Amino acid sequence: MYNSLIFELSKKGRVGYSLPNNGISGYKMASNLKRSSELDMPEVSELDVIRHYTNLSLKNFGVDQGFYPLGSCTMKYNPKINEELSKIGAFNSVHPLQSEDTLQGSMKVYYELEKALCALTGMKAFTFAPCAGAHGELTGLMIIKEYFNQRKENRTKIIVPVSAHGTNPASAAVCGFEVVVCECLEDGCVDTNKLRSLVDKDTAAIMLTNPSTLGIFEKDILEISEIMHSNGSLMYYDGANLNAVLGRLYTTSMGFDVMHINLHKTFSTPHGGGGPGSGPVGVRSGLEHLLPNPRVCFNGKKYYFTSSKKSIGQVSTFFGNFNVCLKAYCYILSLGKEHIKDVSSLAVLNANYVKESLKDSYKLPISNHCKHEVVFDGLIDKRATTLDVAKRLLDYGYHPPTIYFPLLFHEALMIEPTENESKETLDEFINAMEKIAKEDSELLQSAPHTTIVGRLDDVKAARFPVIKFKDIGKYE
Ligand SMILES: *Cc1c(COP(=O)(O)O)cnc(C)c1O
């Protein structure tokens with residue numbers, strides 16, 4: 001019964017709750033509204049609904065259940081105090097169209113969070129309007145475009161190294177730029193000679209993901225910055241994965257002009273499944289006037305909104321995802337200045353521990369120290385693919401790492417343990433990975449064996465998606 005679809009539980013006329021007759025005679029529903037029975041919706045009791053969603057949630061996997069080493073996604077633990085504080089009615093029940101006087105507390109959160117991010121990065125100002133990392137990239141690129149517009153320069157190209165996150169070239173294209181790809185050297189860092197040859201009068205900026213998607217710190221950033229700036233171009237920092245460097249460097253000291261951060265990764269707010277995110281964009285001194293409107297300011301007594309005429313305008317309704325910002329603010333305050341650095345040291349230590357422990361079973365294409373994540377290129381003996389390894393990990397109770405990304409290696413397997421995991425948890429995971437490396441290839445190729453749904457035909461699922469209940473038939 002718990003595997004029944006909610007449609008199968010449906011009984012004609014069954015309702016979740018009923019309301020007393022409202023005593024208004026001649027009352028009719030608007031003609032464009034339909035009752036659930038007319039909509040072919042399941043008719044079930046409240047208890048059926050609760051069981052349905054509770055059982056669905058148990059079929060899912062979350063970081064509160066087990067190890068979730070999904071590279072590039074920073075699936076760190078989300079302290080419950082963040083949730084508690086974000087539920088406070090004073091934050092929850094305000095509306096952005098209320099008068100400033102009644103929004104002072106929420107405005108203070110934005111203001112103070114902005115100050116904290118500036119202190120961590122060296123940037124002059126941040127906007128919280130973007131609702132995701134990629135949205136932050138688009139906003140940052142719009143700022144870059146507007147910067148050149150206002151200088152009456154028409155620059156049309158954005159350079160993106162092959163080791164960048166996939167959203168970088170996509171955002172540049174969406175923003176109307178031409179994407180120019182720059183190769184990397186053997187060690188995974190940007191080939192600066194190549195870069196020199198690509199830069200020309202049309203180059204608006206370079207987008208650097210640092211650490212790159214290979215988990216490597218770009219060693220020649222200062223040289224890259226010199227190449228770009230001497231050409232009048234700007235430096236964009238994809239700081240979605242700030243976890244590796246948190247509290248250790250100023251992005252401005254490396255020469256970056258514009259950056260975004262993913263609050264929902266580094267600053268611990270629940271994410272995944274397309275949930276709410278926040279991709280604040282920071283700019284160095286001299287570019288603040290270009291940030292989206294409105295911004296929160298403080299005159300020593302009162303918080304107030306300002307708008308700049310030279311701004312790129314508005315990039316989201318109101319002020320982005322406030323609740324995500326609030327949770328990130330709680331996270332920063334609970335660690336404080338003294339402990340925020342521990343995040344990066346432990347995240348890097350954990351990733352290097354996994355790297356060193358698995359390098360005899362999994363191919364390690366870049367053996368230098370990694371930062372917050374490590375990328376393997378599948379099993380050394382290639383007895384099974386990375387997909388097989390990932391599926392088999394499900395049998396051991398783990399969420400698989402990111403696979404087939406970055407695109408630089410055929411069998412990429414990208415592990416990001418985060419700072420939260422104990423040595424015992426990492427050892428258990430390493431043990432499982434080592435066992436898998438020795439298992440029979442047929443067992444791997446047909447994994448998973450213990451999950452509710454077995455190996456799916458990905459190609460068929462993508463080509464012939466079954467999206468209507470009626471087409472599914474009985475759920476086996
Ligand atoms: C996750 C990520 C992004 C995109 O962030 P979204 O919130 O998923 O849009 C961009 N760059 C890097 C390096 C990332 O890890």
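Remember, predicted model here, so these are calculated numbers, not experimental data. Just the heavy atoms: all of them, side chains too, but no hydrogens, waters or symmetry mates, feed the values below. Note that ligands are numbered from 1 as they come in the structure, with each ligand's atoms numbered from 1 the same way.
With sequence neighbours excluded, no residue forms a salt bridge (Lys or Arg N to Asp or Glu O under 4.0 Å) with Lys108. Scored by the salt bridge (Lys or Arg N to Asp or Glu O under 4.0 Å) test, Lys371 finds no partners at all (sequence neighbours excluded). Residues forming a salt bridge (Lys or Arg N to Asp or Glu O under 4.0 Å) with Glu83 (at least two apart in sequence, or on another chain): Lys327.
Under a cutoff of 6.0 Å and an axis angle of 45°, Lys423 and Tyr353 do not form a cation-pi pair.
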Apply salt bridge (Lys or Arg N to Asp or Glu O under 4.0 Å) to Lys80 and Asp64, showing your working. CA-CA 11 Å; Lys80 296 301 165 255; Asp64 288 355; 3.2 Å; yes
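Within 4.0 Å of ligand 1, the residues that place a heavy atom are Ser72, Ala132, Gly133, Ala134, Glu137, His165, Thr167, Thr209, Asp238, Ala240, Asn241, Asn262, His264, Lys265, listed by chain and number.
With 3.5 Å as the limit, one finds a donor-acceptor pair spanning the side chains of Glu137 and Asn168.
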